[in-house]
Amino acid sequence: MMELLITVFSATFFVTIIRTTTPLLLATLGGLIADLGGALNVALEGMMLIGCLTAVIVSVYAPWYVAVAAGLGAGALLGLIMAFFAFRLKADIILVGFAINILAAGGTVFALAIATGGDKGTSINLQSKAVPAVDLSFLSAIPGIGPVLKSFLSGHSVLSWLAAFLVFAVWYFLYRTPWGLWLRGVGEYPAAPEAAGIPVNKIRTLSLVVSGALAGLGGAQLAMFNYVGFTRDMTAGRGFIALGAVLLGARHPVGALLAALLFGAFEALAVVMPGLFNDIPAELIRMIPFVVTIAALVLFSIRAQRALALRGVK
Amino acid sequence: MALLEAIGIGKTYPGGVVANDGVNLVIEPGEVHAVVGENGAGKSTLMKILFGIEQPNAGTLLLDNRQVHFSKPREAIDAGIGMVFQHFSLVPSFSVYENVVLGSEPRAGIRLDRQKAIAEVQALSDKFRLKVDPLPPVGSLPVGQQQRVEILKALYRNARILILDEPTAVLAPQEVQELFVAIRSLVAQGKTVIFIAHKLPEVLEISNSITVMRQGKTVGQVKTKEVTEKSLAAMMVGREVSLRVERKPTEQTERVASVSGLRIVNARGTEVVAGLDLNVYAGEIVGLVGVEGNGQAETLEAIAGLRQVAAGDIVVANQNANPLSVLQRRGLGLASIPEDRIAEGLSTGSTVAENLVATRLNDSRYVRGGLLDLKAIKANAQKLIERFSIRVGGPGSAVGTLSGGNMQKVVVARELSEQPKLLLVNQPTRGVDLGATQFIWRTITDARDKGAAVLLSSADLSELLALSDRLLVLYRGKIVAAFLNTPDLTPETLGTYMLGLSTQTADEMQAALK
C-alpha cells in the first residue's frame, strides 16, 4: 500500500496521467462539440481507432507531423461521412454512428493485414514513428523549484500541450465567438438559428467534422505516443468513455477537462498497479477505468435526481 | 403608392391542396394592415410567400413597385421584411441580446462584441417602446416579453415591414394593449405592420385597412372605419354568424368533483399550482381563466390523472380519485379534451375509427375475447362521423390527414359520444375555424345541459365568457378571483386579475366559489 502511495504522489505518475488523459481529452472535446451542436457522436470510438491506424501507417512513410495530420484528417472525413448519411440521407444518427464503429473494428484489422503483409494483430513489423515529447530540461536551471518543474512539465507529448490549449480554444470558440453562439443555438433550438438565416445543417455537418478530427487526433496520440504502433481494438472503449465524460463534465470544456483527467488518472493507476500487486490479476486492475466510468455516471445521475428532489419534484 | 403589392398569387401544394388562388394584397406605407380569415383561408400561406418560406406557383410580388422574388427568408429579410411567428424562434437558454443578434452579430475581430450588442438592443428597445431587459435568458421571460424580443429581432435586421402572425393569441388583455402601444409607436416611426388575426375586435381597434380572405381567395379589402364586427364576420364566413351560444338554465345541486389543497410541482421544480380549492357541480361550466402557464393546464391534467400531485385531494363522483389510474377515473364518468390534440388527444398515424374507440378498449362492444371487433368499430365510427359532421374520406382514413378543425371534432366525438359526468376541456377551439368552433361550443353546452359538470380552460377570453357559468381566475397557481358570469363582466376586469395586478378578498370570491 505504501508503495502505491509513493507511486501515486510521484512526478512520474503525474506524467503518466497526462499521457493517458490526452487521447481521452481530445475525444471528449470532439464529443462535446458534436453534442452541443445537437448531433450525438457515438462514433468517437471508431473515428479514434481509424485515426490510430491511419497515423501509424502514414508515419512509416512520412514525418510524424504528416502522420498526425493524416490521423486527424481520417477522423474529419469520417465525421463528414456521418453527416452525409445523417443529414443528407436522413438516416438515424445513432445507427450511422454504430455502423462507423463496426466498420472501424473490422476495417482496421483488414487494412492492417494488407499493410503488414498478413499480420492481423499488431503493426510490430512496421517502422512507425512517434510524436516527439517536448523537452523542457532547461527549466532545471531555475534555482530552487527548477528540478521539480522540470520533472512535472518536461517530457509530455506535443499533442498534450496542444490538447491543453484546445480546452481554452474550444471554450473561447463556444462562448466568445458568433460561431459558438450559432453552434449552441443549433443544438438547443434549431428553429431559432434557422429563422435567422443560419444554415443549420451546415453547422451540424461542420461540428461532426471537427468532432471527428479531434477524435482522430486523439487516435494519433494513442498510437504514436502512448503506444508506438497499432494493435487491433487498441482504443478499448476510450471513445465511449469520452461520451460519458462529456455528460459528466456538464457539457462544458473545463468540465470535459476535469472528467477526462478523472478517467485518465484511473487509467494511469491501472497502468502502474499490476507491477505493485502481484496477487491481483492484471485483468481485474485494467477494469478499473471502466468501473469508474459507470460509477461516476451513476453518481452524477443520482446527484442530479437528488437536486431535483430537493426542489420538491417527485 | 403601394409599398408592397401581391398580384394574383396562386399556390397549390403538392398533393393538390389549393391554398392561394388569385390572391391580391396592397399594403400602403405606414399603415397597420390586418389580414383576416378563418383557419384554412390561406392567410399563413400568403405570409409564407411574402417572407420567402414558400414560393408561389403564379402571380407577382412588387416591393416599391419593383418586382421581387424571395427564394428563402434571408432574401426577404435583406429586402426589409421581418416576420414574427406564432411559435417563437428563440433559444431559451440564450440571453435576450444573444437571441436578437443571432445570425447578424456585431464583431470585434473573431469575437462577438457583447457590449455593442447589448447597447444596440437597448437602443432599439428604447426607440420603439418595446421594454425588455437585454440580459436575462429568454426562457425565464413571460410570453409577452418573448414576443417583444421577436419583434426586436426583426427590427435589428432593419425590417421596414413587420408581419405579425396572430400576435395576440398568447397574450392577456393588458399585454395586448402594450403590444398595440408598441405597434402604434412602430408605425409613428415609419414602419409598416401586417397583422394576421382572427379576433375581430382587436383587428378593428388596431388596423387602418383590412384584407379578408376566404377559401384561398381574397374576398375584399376594406377601410377599417367602414366596417363593423358583424359585417366583417359575415365577409369571413360568407354568411351571417351567431357569436352567441344558447344555454338552458340547469339545476346545479349535485357536486360532481372537488379539489382541495392541490399542489403541483413541475419537472423543473417550480410550484405551478399552489394550494387550489374548487368545486364543480352537475350542469355547470366552470371556466379557468389565466395567462397560459398559471396552472390551469396542470390542474386539469391532475384531475384527469395525467400528472403527479404533490399534495391535496381530488374527489370525483364522491370517490377519492388520488389513487385511481386514468382509466379508472374515466370509469367514474370522466372525459377529457386535452390541450394539444396532436400530441395528447389523437394518434395521428391511426385511423379515425381506431381513434374513436381508443379509450374504450375494455368495452365488450368493441373488444371481444381480446380481439378487436372491427365491424363494430367501423359502425361506431360511421355513426359518430355523421353525428359530429366530421369531414373525412371514411372511417379508415388516417387522422393525420384531417384539417385541425376536423381532428378536434374526432377528439370531441370520442369524449362526448357518451354523456360524461365530469368533462375536462382545455383549449377546445385553438386553431379551429369559426364553423367548427360553433359546433364544438354547442356540443359542450349540450353536455352541460344534460347534466355534465364541465371544467374549461382557454386562452381565448371570449370563449370563456361565451360558455362559462362561473369563472375562476388563476394567477401563479392560486385562485385570485371568482365571478358569476354576468353580461357586465368584461375581459378587462378579468385581465387585471390574470396579470396579478389585484386580488379579490375571500369575501368577494365567496359567492362565486360555491
Side-chain angles (χ1 to χ4, degrees), chain A residues 32-33 35-39 165-166 168-204 206-207 210 246-247 250-253 255 301-314, chain B residues 51-53 70 72-78 82-85 87-95 97-114 116-117 137-139 146 149-150 153-154 156-157 263-272 274 307-311:
Chain A
L32 176 73
I33 286 188
D35 193 36
L36 285 177
F165 169 74
L166 279 175
F168 170 75
V170 167
W171 170 83
Y172 190 86
F173 164 78
L174 285 174
Y175 297 100
R176 287 294 177 270
T177 69
W179 307 289
L181 196 70
W182 295 12
L183 179 74
R184 289 183 292 130
V186 165
E188 185 175 340
Y189 191 73
E194 180 119 52
I198 294 169
V200 169
N201 270 346
K202 202 164 141 194
I203 303 269
R204 286 216 168 123
L206 282 175
S207 83
V210 172
V246 171
L247 294 182
R251 304 174 89 213
H252 190 278
S301 162
I302 290 175
R303 214 191 55 188
Q305 299 260 328
R306 195 167 297 161
L308 280 180
L310 268 180
R311 284 185 282 151
V313 184
K314 276 192 191 171
Chain B
F51 195 56
I53 298 172
F70 304 134
K72 52 176 184 264
R74 189 85 223 181
E75 295 174 15
I77 293 171
D78 292 341
M83 182 151 174
V84 175
F85 293 92
H87 296 281
F88 303 147
S89 11
L90 300 169
V91 184
S93 78
F94 283 12
S95 65
Y97 79 87
E98 283 172 330
N99 267 295
V100 172
V101 302
L102 183 67
S104 325
E105 301 84 356
R107 293 177 189 180
I110 60 160
R111 203 166 50 83
L112 190 159
D113 192 338
R114 267 203 250 181
K116 193 169 171 211
V138 159
Q146 295 192 9
V149 178
E150 279 283 11
K153 253 169 84 175
Y156 178 79
R157 287 162 180 76
R263 254 191 89 236
I264 300 174
V265 179
N266 72 6
R268 268 181 296 169
T270 8
E271 190 176 53
V272 285
R307 187 177 273 274
Q308 280 262 346
V309 166

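The shown structure was predicted, so the numbers you read here are calculated from the model rather than taken from an experiment.
Contacts of Phe51(B) with chain A are absent, with no heavy-atom separation under 4.5 Å from either backbone or side chain. In this structure, chain A has heavy atoms under 4.5 Å from both the backbone and the side chain of Arg111(B). Residue contact with chain B, scored on non-hydrogen atoms closer than 4.5 Å, involves the side chain of Tyr172(A) exclusively. Looking at Pro106(B), there are no atoms closer than 4.5 Å to chain A (heavy atoms on both sides), in backbone or side chain. Contacts between Leu90(B) and chain A at a heavy-atom distance below 4.5 Å involve the backbone alone (N, CA, C, O).
For the set Arg74(B), Met83(B), Glu105(B), His87(B), the count of heavy-atom pairs under 4.5 angstrom toward chain A peaks at Glu105(B). Between chain A and the options Phe88(B), Phe94(B), Phe85(B), the largest number of non-hydrogen pairs under 4.5 Å is found for Phe94(B). When Glu271(B), Lys72(B), Glu98(B) are compared by the number of non-hydrogen pairs under 4.5 Å with chain A, Glu98(B) comes out ahead.
Between atom OH of residue Tyr175(A) and atom CZ of residue Arg114(B) there is a gap of 11.5 Å, rounded to the nearest 0.5 Å. The distance from atom CG of Leu102(B) to atom OH of Tyr189(A), rounded to the nearest 0.5 Å, is 12.5 Å.
When all heavy atoms of Ala192(A) and Lys153(B) are compared, the pair lying nearest together is O-NZ, 4.4 Å. Looking at every heavy atom in both residues, Ala195(A) comes nearest to Ile77(B) through O-CD1, 3.9 Å. What you find for Ile110(B) and Pro178(A) is that their closest heavy atoms are O-CD, 3.3 Å.
With a 4.5 Å cut-off on side-chain heavy atoms, Ser89(B) and Glu194(A) do not count as touching.
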